[in-house]
Trainee: 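Input: one structure, supplied below.
Note that the coordinates shown come from a computational prediction; the quantities given were computed from them, not determined experimentally. The basis for the numbers below is simple: all heavy atoms, side chains too, and nothing from hydrogens, waters or symmetry mates. We name chains A, B, ... by the order of the sequence lines, and we start the count at 1 in each one.
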Amino acid sequence: MSAVRLTAPRGVADVLPQAAGAWQRVEAVARDVFRRYGFAEIRTPMFEATELFLRSVGEDTDIVAKEMYTFVDRGGRSVTLRPEGTAGVVRAYLEHGMNAGPQPVKLCYVSAPMFRYDRPEAGRYRQFHQMGVEVLGAAAPAADAEVIAAAHALIASAGLPDASVRLNSVGDATCRPAYRERLRDHYRPHLEALCPDCRVRFDRNPLRLLDCKQPQCAPFIASAPTLADALCDACRAHLDEVQALLTAARIPFELDPGIVRGLDYYTRTVFEVVHPTLGALCGGGRYDGLVEELGGPPTPAVGFALGVERLILALGERGVEAPAQAPEVFVACAAEELRADAFRTAMAWREQGVAAEVDLLGRSFRAQMRHADRLGARFVAVVGRSEAERGTVTVRDMGAGTQEEVEAAGAVAYLRQRLASAGA
RNA sequence: GUGGAUGUAGCUCAGUUGGUUAGAGCACCAGGUUGUGGCCCUGGGGGUCGGGGGUUCGAGUCCCCUCAUUCACCCCA
C-alpha cells in the first residue's frame, strides 16, 4: 500500500478512448495499403539481443550511443528494447530461412512499439509506434520506387494528400568512402569555424555535416562537394531509375541532398516524408549490406518506417478527426420490474450486431434518458409496461426527437434500416 | 544531454502584502411526484494545493532540492 500516486513513466503516453478512434483509422488505412501493395504482416519481439542493434543500427549512431533501453536479464544476457523495426525483421528473415524461398520477401508491420531513451517533446516519445515495410531480396530500382509509393499512399490515404517525398542517394561501398574523404578534405581547413557538434561529426560521421542547421556551418555546406556529383555510375543510374519510376507513377518528390538519415546501414536510396513542424513523419531507404552484416547471404533490401504518433498529430492539425464511439441504441427501461427485459433485449440485439447499451447503475428512467443523450446514442428503445403488454418497444430518434412504437420481434430490422438510411 | 517556462478538483483556471474548515465554471452522480434526453433550478461526491525539506506563531502563497509537463537546441519516428 503505497501512498504515492502512480503516474506513467516519463515519455510514455496513454492512448485514451477519445484518441483510439484515430489510431484505429490510421491502422485500418495502413492494413489496406499494405494489402494492396502485397506486403504480409510480420510481428517480431519488442526486445532483441543487444548485439543485433549494435551490428545493424551502428555503434556510432545516436540511437546506439545514448538512446537504447538496454538491460541484463536474469540469465545474464544483454537485451535491448527495439529502437527501430528493421533489425528484428532482418533477423527473423534469416532465422526462418526466408532467404531460401521465393524472392523478394515483402513484409510489413502495423503500430509496432519502439523504444528510445530520448528527451520527450511534441511528437516524440520513449515508447512510440511505427508502421512500415521491408522488401528483402530485390536490388532493382523498382523495389525502391514501390516502397516509396507505399509510404506516400499510406500518408495520402490517411488524410495528408499533399505530403511530399524528399529523396537522396548516399551511395554505396564503391563511392561513399571516396566521397567521405572528399568531404573531409573540404572541411579540414575550416575546422576552427565549425560548431562543436560538427567537429565531432567530422571524425565520427562526416555525412552528417551536411545536416547541420547552425548558421556558422551553412557556408561550408553550401560550398561542399555534393554526394550526387560523387556517385559512382551504378548508384547514379539507380537513382535516375528510381526517379523515372516515381515520375511515371505520378508520385510527387524532390531531390534533397540534405537527407542523410541517422542509421549507418543505408546504401543508395534514402528518403523522408517531412512535416513542417514535427520533422520526419516517415523515413526509409535501401540497406543492401545489412543482411550480410547480420550473417546472411548478400541480400539487397529496402524499406521505410512511419511514426504513428506523428502522423496522428499531423492529421489532427489538419482537422482530420475520427468520430467518437457511440452506441447505436440505448435500451431504457421505464419500470423497475422490467430491468431484466431491458437487459435481455440489449444482449439479444448485441448478438445480432447492434451496438446496444443498457443501464448499469440502476438509474431512474429519466436519468437513463439523460445518460443515453450524453453517450450520443442515435436511438433509445423504451421497454415499458404498455410496450410489454403489446410485445413492442418504443424507438426514439434522439436527433429528431420523434419516436415510433414497433414490434419487438422486428425491432432490429427496423433499427438497421433507420441506421442505414438517415445514418451518418 | 543543454537552456527557458509552467505545475491548485477529471478538465480550464481563480486564490488579494504569507493569516481561520482552499474556490469557480465545465464534467460526474442524484432529485425537480407516479414512463422521455438536450435548456434551467437544487443538492451531492471529488483536492495531503506535483513530491520532499526549509524560513515563519502561521505557506497554495517565500527559499532550496526533486519529479513531471512544455518550448527552443541536439537528434530523430
Trainee: Any heavy-atom pair between the side chains of Ser164(A) and Glu254(A) that's under 4.5 Å?
Mentor: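 Contact flag for Glu254(A)/Ser164(A) side chains = yes.
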
Trainee: Select from Val273(A) and Met398(A) the residue whose nearest nucleotide in RNA chain B is closer to the 5' end of that strand.
Mentor: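 Closer to the 5' end of RNA chain B: Met398(A).
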
Trainee: Counting any heavy atom closer than 4.0 Å, what does Gly11(A) reach on the DNA or RNA strands: base, sugar-phosphate only, or nothing?
Mentor: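 Sugar-phosphate contact only - Gly11(A) comes under 4.0 Å of backbone atoms but never of a base.
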
Trainee: For Arg82(A) and Thr44(A), which I'm curious about, is there any donor-acceptor pair between the side chains at under 3.5 Å?
Mentor: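 Arg82(A) vs Thr44(A): donor-acceptor pair found between side chains.
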
Trainee: Scan Arg363(A) against the nucleic acid and name what it touches under 4.0 Å (heavy atoms): base, sugar-phosphate only, or nothing.
Mentor: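 Arg363(A): backbone/sugar contact only, no base atoms under 4.0 Å.
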
Trainee: To the nearest angstrom, how far is Arg116(A) atom CZ from rG1(B) atom P?
Mentor: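 Answer to the nearest Å: 17 Å.
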
Trainee: If you look at every strand shown and take non-hydrogen atoms under 4.0 Å, does Leu281(A) touch a base, only sugar-phosphate, or nothing?
Mentor: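 Answer is sugar-phosphate: Leu281(A) comes under 4.0 Å of backbone atoms only.
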
Trainee: Relative to the ring of Phe304(A), is the ring of Phe34(A) parallel (under 30°), tilted (30 to 60°) or perpendicular (over 60°)?
Mentor: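 The rings of Phe34(A) and Phe304(A) sit tilted, inter-plane angle from 30° to 60°.
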
Trainee: Under 4.5 Å between any side-chain heavy atoms of Thr269(A) and Val147(A), yes or no?
Mentor: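 In short, these two side chains do not touch, never coming nearer than 4.5 Å.
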
Trainee: Using the P atom as the point on both nucleotides, what is the distance between rC63(B) and rA72(B), in whole Å?
Mentor: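 Rounded to whole Å, the distance is 28 Å.
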
Trainee: Quote, to the nearest angstrom, the C1' distance that separates rC64(B) from rC73(B).
Mentor: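 Comparing C1' positions in rC64(B) and rC73(B) gives a spacing of 28 Å.
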
Trainee: Can you tell me how the ring of Tyr287(A) sits relative to the ring of Tyr266(A), calling it parallel under 30°, perpendicular over 60° and tilted otherwise?
Mentor: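 Plane angle over 60°, so perpendicular.
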
Trainee: Heavy-atom count around Met347(A) CE within 6.0 Å, excluding the residue itself: above 12?
Mentor: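 Yes, CE of Met347(A) has more than 12 neighbouring heavy atoms, counting only those of other groups under 6.0 Å.
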
Trainee: For Arg250(A), look at atom CZ and say whether over 12 heavy atoms of other residues, nucleotides or ligands are found less than 6.0 Å away.
Mentor: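 Result for CZ/Arg250(A): open.
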
Trainee: If you take all heavy atoms of Ala145(A) and Leu246(A), which pair is closest and at what distance?
Mentor: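 Minimum heavy-atom contact is O-CD2, 4.0 Å.
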
Trainee: Would you say His371(A) places a side-chain N or O within less than 4.0 Å of OP1 or OP2 belonging to rC29(B)?
Mentor: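 So the side-chain polar atoms of His371(A) do come within 4.0 Å of the phosphate oxygens OP1 or OP2 of rC29(B), strictly under.
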
Trainee: Quantified in whole Å, what is the P atom distance between nucleotide rG53(B) and nucleotide rG10(B)?
Mentor: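 Here rG53(B) and rG10(B) have their P atoms 23 Å from each other.
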
Trainee: Looking at Arg370(A), I'd like to know whether one of its side-chain N or O atoms comes within less than 4.0 Å of OP1 or OP2 on rU36(B).
Mentor: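 No, because none of the side-chain N or O atoms of Arg370(A) sits under 4.0 Å from OP1 or OP2 of rU36(B).
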
Trainee: Using atom CG of Leu360(A) as one end and atom P of rA30(B) as the other, report the distance to the nearest whole Å.
Mentor: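 Checked: the CG to P distance equals 12 Å.
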
Trainee: Can you tell which of rG37(B), rA77(B), rU70(B) lies closest to the side chain of Asp373(A)?
Mentor: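 Among rG37(B), rA77(B), rU70(B), the one nearest the side chain of Asp373(A) is rG37(B).
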
Trainee: To the nearest angstrom, how far is Asp397(A) atom CG from rG38(B) atom P?
Mentor: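 Taking atom P of rG38(B) as the reference, CG of Asp397(A) is at 16 Å.
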
Trainee: In whole Å, what separates the C1' atom of rU6(B) from that of rU66(B)?
Mentor: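 One C1' to the other, the span is 16 Å.
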
Trainee: Taking atom C1' of rA77(B) as reference, at what distance in whole Å does atom OH of Tyr266(A) sit?
Mentor: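 That distance rounds to 10 Å.
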
Trainee: For Arg10(A) and rU66(B), what is the distance between atoms CZ and P respectively, to the nearest whole Å?
Mentor: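 Value for this atom pair: 13 Å.
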
Trainee: Output one line per pair: protein atom, nucleotide atom from nucleotides 3-8 of chain B, and distance, for all N/O pairs under 3.5 Å.
Mentor:
residue : atom : partner   : partner atom : Å
rG3(B)  : O6   : Arg119(A) : NH2          : 3.1

Trainee: So what does Val380(A) hit on the nucleic acid, given a heavy-atom distance under 4.0 Å: a base, only sugar-phosphate, or nothing?
Mentor: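 Answer is nothing: Val380(A) stays at 4.0 Å or more from every strand.
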
Trainee: Should stems be defined as at least three consecutive Watson-Crick or G-U pairs with both distances under 3.5 angstrom, which of them involve RNA chain B?
Mentor: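 So the stems come out as B:1-7 with B:67-73, B:10-13 with B:23-26, B:28-32 with B:40-44, B:50-54 with B:62-66.
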
Trainee: Taking atom P in both rG7(B) and rA30(B), compute the distance separating them and give it to the nearest angstrom.
Mentor: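 Here rG7(B) and rA30(B) have their P atoms 35 Å from each other.
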
Trainee: In whole angstrom, what separates Leu154(A)'s CG from rA77(B)'s C1'?
Mentor: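 Answer to the nearest Å: 13 Å.
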
Trainee: Under 4.0 Å from OP1 or OP2 of rG37(B): is there any side-chain N or O of Arg396(A) that close?
Mentor: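 No, no such contact exists.
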
Trainee: Closer than 4.0 Å, any side-chain N/O of Arg366(A) to the OP1 or OP2 of rG35(B)?
Mentor: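 It does not, given that no N or O in the side chain of Arg366(A) lies less than 4.0 Å from OP1 or OP2 of rG35(B).
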
Trainee: Checking contacts here: which listed nucleotide (rG37(B), rC29(B), rA77(B)) is nearest the side-chain heavy atoms of Met369(A)?
Mentor: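 Within the option list, the nearest is rG37(B).
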
Trainee: Answer yes or no: does a side-chain N or O of Ser364(A) lie under 4.0 Å from OP1 or OP2 of rG31(B)?
Mentor: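 Ser364(A) to rG31(B) OP1/OP2: side-chain N or O found under 4.0 Å.
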
Trainee: In this structure, are over 12 heavy atoms from other groups packed under 6.0 Å from Gln352(A) atom CD?
Mentor: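 Buried by this count: over 12 neighbours within 6.0 Å.
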
Trainee: So which atom in Gly137(A) and which in Thr299(A) form the shortest heavy-atom distance, rounded to 0.1 Å?
Mentor: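 In terms of heavy atoms, the two residues are closest at N-CG2, 3.6 Å.
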
Trainee: Check Ala13(A) against Tyr125(A) and note the closest heavy-atom contact, atom names and distance.
Mentor: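 Shortest heavy-atom separation between Ala13(A) and Tyr125(A) comes out as CB-CE2, 3.9 Å.
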
Trainee: What's Glu387(A) touching, base or sugar-phosphate or nothing? Going by heavy atoms closer than 4.0 Å.
Mentor: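 Answer is base: heavy atoms of Glu387(A) come under 4.0 Å of a base.
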
Trainee: Determine the contact category for Gln368(A): base if any of its heavy atoms lies under 4.0 Å from a base atom, sugar-phosphate if only primed atoms, P, OP1 or OP2 are that close, otherwise nothing.
Mentor: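 Since no nucleic acid heavy atom lies under 4.0 Å of Gln368(A), the category is nothing.
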
Trainee: Once you measure the plane-to-plane angle for Tyr69(A) and Tyr117(A), does it fall in the parallel (<30°), tilted (30-60°) or perpendicular (>60°) bin?
Mentor: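 Ring orientation, 0 to 90° scale: perpendicular.
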
Trainee: Distance between the C1' atoms of rA14(B) and rG47(B), in whole angstroms?
Mentor: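 Rounded to whole Å, the distance is 15 Å.
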
Trainee: Can you tell me, in whole Å, how much space there is between the C1' of rU21(B) and that of rA68(B)?
Mentor: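 After rounding to an integer number of Å, I get 31 Å for this pair.
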
Trainee: Under 4.0 Å between any heavy atoms, over every strand shown, what does Cys333(A) touch: base, sugar-phosphate, or nothing? Just pick one.
Mentor: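 Touches nothing.
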
Trainee: To the nearest angstrom, how far is Glu336(A) atom CD from rU34(B) atom C1'?
Mentor: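 Distance check: Glu336(A) CD to rU34(B) C1' gives 13 Å.
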
Trainee: Glu121(A) has a side chain; which of rU36(B), rG37(B), rC73(B) sits nearest to it?
Mentor: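 In terms of side-chain proximity for Glu121(A), the closest of rU36(B), rG37(B), rC73(B) is rC73(B).
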
Trainee: Just checking Gly132(A): base, sugar-phosphate only, or nothing, at a heavy-atom cut-off of under 4.0 Å?
Mentor: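 Here Gly132(A) touches no strand at all.
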
Trainee: Which is more 5' along RNA chain B, the nucleotide nearest Pro120(A) or the one nearest Arg124(A)? Just name the residue.
Mentor: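 Result of the comparison: Pro120(A).
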
Trainee: Counting only heavy atoms not in Arg43(A) (residues, nucleotides, ligands), do more than 12 fall under 6.0 Å from its CZ?
Mentor: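 Incorrect, the count does not exceed 12.
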
Trainee: Phe365(A) has an atom CZ; how far is it from atom P of rG37(B), in whole Å?
Mentor: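 So the two atoms are 8 Å apart, to the nearest Å.
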
Trainee: Taking OP1 and OP2 of rC28(B), is either one under 4.0 Å from a side-chain nitrogen or oxygen of Arg374(A)?
Mentor: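 Checking Arg374(A) against rC28(B): at least one side-chain N or O falls below 4.0 Å of OP1 or OP2.
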
Trainee: Roughly how far apart, to the nearest Å, are rG60(B) and rA9(B) at atom P?
Mentor: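 14 Å, rounded to whole Å.
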
